[in-house]
Trainee: 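This structure is in structure tokens; I'll ask about it shortly.
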Amino acid sequence: MQQDPEVIQRSPEELTGDLNQPQAEAVRYAGPALLIGAGAGSGKTRVLTRRIAWILSQVGAWPSQILAITFTNKAAAEMKERLAALIGPVADRMWVSTFHSACVRILRRDGEGVGLKNGFSIYDTADCERLIKLIGQDLNVDVKKFTPRSILSRISDYKNSLVDWKTQLAAFAPDYKPGQRGYRFGRIDNIEELYAVMYAEYQYRLAMANAVDFDDLIFKTVELLRTQPDVAAYYRHKFRFILVDEYQDTNHAQYILIRELAGVDDPAGPSAAVTVVGDSDQSIYAFRGADIRNIQDFEQDFPNARTIMLEQNYRSTQTILDAANAVITHNEGRKPKKLWTALGKGEKITGYAADNAALEAHWIAGEITRLHAEEGVRYSDIAIMYRANAQSRSLEEGLIKAGVPYQLVGGTRFYERREVKDAIAYLQAIVNPADNVNMRRILNVPKRGLGARAESMVAMAAESHNTTFWDALDHLEQIEGMTARTANPLSRFRDLMNSLRQFAAANDAHPSRIVAQVLHESGLLEELQKSDDPQDASRVENLSQLQSVAAEYEQHNPDGTLSGFLETTALVADSDQLPGADEDSGKVTLMTLHTAKGLEYPVVFLTGMEQGTFPHSRAMEDEKELSEERRLAYVGITRAKRHLYVTRAALRAQWGQANEMLPSQFLDEIPDELIDWKRRETGMERMRSGWRDDDEFGGWGDDDDEFGGFSFGGSTFGSAAPRTASHSSYGGSSYGSSRGSSSYGSSYGSSHDSSRRSGSRGGHGSYQWNRRYGSDLSNDRGGYSSSHSRAGQAGSGHSGRVTTRRTSPSANVKPVSATGADNHLDIADFHVGDRITHDKFGMGKVVDTQDKGRNSVLTVDFGSNGVKRLMLRLAPIEKL
DNA sequence: TAGAATCGTATTTTT
DNA sequence: TACGATTCTA
């Protein structure tokens, strides 16, 4: 095989010289199938990238012959980056992607084989739910009893196990024909029949709409490879080396996909060598169909397979590993495996039991402040993790009150926000007119007098002619019984779509122009701009961000198209939004344990260590699910490099009601001598067990002084807690004076609420401005500009699930936005009397301007929201 | 048809 | 609590 001149050739010494024995072996392995059992922190990405480089420079393969699959886009991007460092820029052109992206790529090229036409839509969960609801209405299914969610999850199960709708229909509803009307279910309680019918009808309508859902991407690709020998032959010939990361998280369909691509069952013998990397102890996606057996049975499944275990951990201290090992040992039927490290024992784990969630957050915030001030720990080296997103709230409040800058990963995704979805729906409907779900979504958005009646008239016309919604709409003159009052706005909508489609056709290479055109011509933007709801102001900004994302996409993909852009928006995930590990964002990171997989931080707080919270109450009954929770705990613990904290609250409010929480069983599973409890028992527990000698509990000192012992209810403390030392340290600046400390309890709470709703830009109350002015201002330039350009380069600037507080210097998620950390507004453009809108405070009038160059300040009267001084460069404002 | 008001019910994790 | 869905009213 001739070597690719573009690949930087690496010697064996360069590739394996600095690796340990098993690592080097894994890099060099030359057989047909290899399983790398990579414990947490054992350097698996390193081994994987080195192995790819080895295959290229030592085995002599071409870059195009390699397929590397990761679980997230972020992991793919990171692998590409590290590969580029090893072998040069060719890495960029390699197939290093997620399962889903790889499948999209295959289906875009060869999808006709399974009935997919050019420009097919990819439905996200919300789209799918809409579709299920529509079907439910048409078939008279009780959506109360059978929620779209539950139906979809069943359909997802079918697809993940490669069961097709025909099979289900034949078994449970042989009389049903997809697309038929007036079907009567045999017995009301025959759930299987219902699922079978729904599945069949759902697929029928997806096909009609030229759309696929997430699971279809895998399913259809398998179908394609199985039914089109020429296509299968093409890819089998093409890919000679297939590498799969996070193999423990693959589901059955993905497993079969790998088998098909590698030609494992081909009579001619396998065409590709398969390398899989994974850790069965880190399998945490069983609920989504991941099948742990895939990794457990690898050696039986792939002929002549070899297994290499990596057990030396380079990440954590022995104390942390001991805790992780101790916990995971409680899982039954697991291959024993012991991580070890050469890094030494390190610090003890710190434990803290708080009386309630607010106090847990308060203690954490205080501890972080201390770490930052006394030990010089960078905020960006700290992560706070929790089981469920809902827990982030109290933590956020605690951090805000203590003035700790943070970023939150997760929550409502950028692309799931209503206004963004609306805009995307337009784009989708432009690219794929058959897309009924998106077409119907935008029919009356913004309001144009087309309600349920108009919609159903068109829908019925479409059905009776067995055609798409758009097609019926396009021939609306032929629809019977249509009044002018309905027909007029309908035809205006038709004109709008036609004109947009024309524009899109003429500007296909410039998605950002199309986005702009859609935003303006549809009236989407106008409707929001006219509104005086302050929430709509942030919606406007989200839309402008969408345009920025499109512009960015354009930059990074010179030959990109509108449908290419839509693809990138469809397949983004939470963790994709995270800045690179080497980047100092200057912020503490908050995220769920699931999102944290694959990441590492010097300091990690594992919060909410309570029965019912973690392990989650729904998972406590079932042994299997409990095992998965335990693996999640294992993942969490092993994220920590140097110092692990475990915290819990005795009282936690879950949907309004405060509940008493017992300590998590996982805490008991960590050997006692590894944990240094700063506070072991909570006030209530202490009282319950009677007054005992204080000395029995080593360290509860500090907090007692602060709170006078213990408390029973959460509510009083919620507002009382913040009045502590950290409060005075940032307060007192002349800026943002409207919010005195006394108003915190109530007014803060509500403003925070609205910031959450208004999304990724939320929550820059005056108090954060204080902080900015007080401490961050002088040194923020460097940090800001470096992360700015980085984010741009990496192309990870899809703003969204990383929520960034303005307390901190960098705004790495929004490189191009008009109102990002540096919004490029010019003080000269503002005059006393001008009207502006602010993300948070709504409409306001300029009452003073101060030209101080980069630090120019605008004083704005926001009416009932008070008079604020805003730093122009940073203010999320727009001139009206 | 649109908007307001009320009501009821759900909250795990997500490619 | 917090959202979506339904119901009622203009």
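Side chains included, hydrogens not; waters and symmetry mates left out as well; all remaining heavy atoms used.
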Trainee: Any side-chain N or O of A:Asn389 less than 4.0 Å from the OP1 or OP2 oxygen of B:dT12?
Mentor: no
Trainee: Looking just at side-chain N and O atoms, do A:Tyr255 and A:Arg259 make a donor-acceptor pair shorter than 3.5 Å?
Mentor: yes
Trainee: Run the salt bridge (charged side-chain N to carboxylate O under 4.0 Å, His left out) test against A:Lys220 and tell me which residues pass, sequence neighbours left out.
Mentor: none
Trainee: Tell me which one of A:Lys624, A:Arg618, A:Met620, A:His616 satisfies side chain to side chain contact (heavy atoms under 4.5 Å, CB included) with A:Glu629.
Mentor: A:His616
Trainee: If the cut-off is 4.0 Å, is A:Thr595 near the phosphate of B:dT13, judged by side-chain N/O to OP1 or OP2?
Mentor: no
Trainee: Where the side chain of A:Thr72 is defined as all heavy atoms beyond and including C-beta, which of B:dT12, B:dT15, B:dT14 is the nearest nucleotide?
Mentor: B:dT15
Trainee: What integer distance in Å separates A:His616:NE2 from B:dT14:P?
Mentor: 12 Å
Trainee: Atom CD of A:Glu629 to atom P of B:dT12: distance rounded to whole Å?
Mentor: 11 Å
Trainee: Show me the protein contacts with nucleotides 3-10 of chain B, counting only N or O atoms at under 3.5 Å.
Mentor:
none

Trainee: Provide, to the nearest angstrom, the distance between the CZ atom belonging to A:Arg418 and the P atom belonging to C:dA2.
Mentor: 18 Å
Trainee: List the residues meeting side-chain hydrogen bond (donor to acceptor under 3.5 Å, both in side chains) with A:Arg293, not counting sequence neighbours, and say none if there are none.
Mentor: A:Asp291
Trainee: What distance, rounded to whole Å, do you find between the two C1' atoms, one in C:dG4 and one in B:dT13?
Mentor: 22 Å
Trainee: Could you list all the side chain to side chain donor-acceptor pair (under 3.5 Å) pairs where at least one residue sits in residues 447-456 of chain A, not counting sequence neighbours?
Mentor: A:Tyr426-A:Arg448, A:Arg440-A:Glu455
Trainee: Take the protein atom CD of A:Glu129 and the nucleotide atom P of C:dC3, then report the distance between them rounded to whole Å.
Mentor: 16 Å
Trainee: If you check every side-chain atom of A:Ala388, which of B:dT12, B:dT15, C:dA2 has the closest atom?
Mentor: B:dT12
Trainee: Could you go through residues 131-138 of chain A and list every donor-acceptor pair under 3.5 Å that involves a side-chain atom there, pairing it with any protein atom two or more places apart or in another chain?
Mentor:
from, atom 1, to, atom 2, distance (Å)
A:Asp138, OD1, A:Arg181, NH2, 3.1
A:Asp138, OD2, A:Arg205, NH1, 3.0
A:Asp138, OD2, A:Arg205, NH2, 3.0

Trainee: Using side-chain hydrogen bond (donor to acceptor under 3.5 Å, both in side chains) as the criterion, list what pairs up with A:Gln428, not counting sequence neighbours.
Mentor: A:Ser121
Trainee: How do A:His594 and A:Gly449 order along DNA chain B: which one's closest nucleotide is nearer the 5' end?
Mentor: A:Gly449
Trainee: Does B:dT12 have A:Phe287 stacked on its base, where the ring centres are within less than 5.5 Å and the planes differ by under 30°?
Mentor: no
Trainee: Minimum heavy-atom separation for A:Pro615 to A:Gln665, with atom names?
Mentor: CG-OE1, 3.7 Å
Trainee: Starting at NZ of A:Lys159 and ending at P of B:dT14, how long is that distance when rounded to a whole Å?
Mentor: 21 Å
Trainee: Please name all residues satisfying salt bridge (charged side-chain N to carboxylate O under 4.0 Å, His left out) with A:Glu526, sequence neighbours left out, ordered by chain then number.
Mentor: none
Trainee: Residues from residues 247-260 of chain A sitting under 4.0 Å of DNA chain B, heavy atoms only?
Mentor: none
Trainee: Within the modelled atom types, does a donor on one side and an acceptor on the other bring the side chain of A:Arg387 and the base of B:dT13 under 3.5 Å apart?
Mentor: yes
Trainee: Which residues satisfy the salt bridge (charged side-chain N to carboxylate O under 4.0 Å, His left out) test with A:Asp215, sequence neighbours excluded?
Mentor: none
Trainee: Are A:Arg652 and C:dT1 close enough that a side-chain N or O sits under 4.0 Å from OP1 or OP2?
Mentor: no
Trainee: Using a heavy-atom cut-off of under 4.0 Å over every strand shown, decide if A:Lys133 touches base, sugar-phosphate, or nothing.
Mentor: sugar-phosphate
Trainee: Whole-Å distance between B:dT15 C1' and A:Tyr123 OH?
Mentor: 19 Å
Trainee: How many Å lie between CD on A:Glu397 and P on C:dT1, as a whole number?
Mentor: 10 Å
Trainee: Suppose you measure atom C1' in B:dT12 against the same atom in C:dA5; what distance do you get, rounded to whole Å?
Mentor: 24 Å
Trainee: Expressed in angstrom and rounded to an integer, what is the separation of A:Leu134 atom CG from C:dA5 atom C1'?
Mentor: 15 Å
Trainee: With a non-hydrogen cut-off below 4.0 angstrom, is A:Asn444 in contact with a base, only sugar-phosphate, or nothing?
Mentor: sugar-phosphate
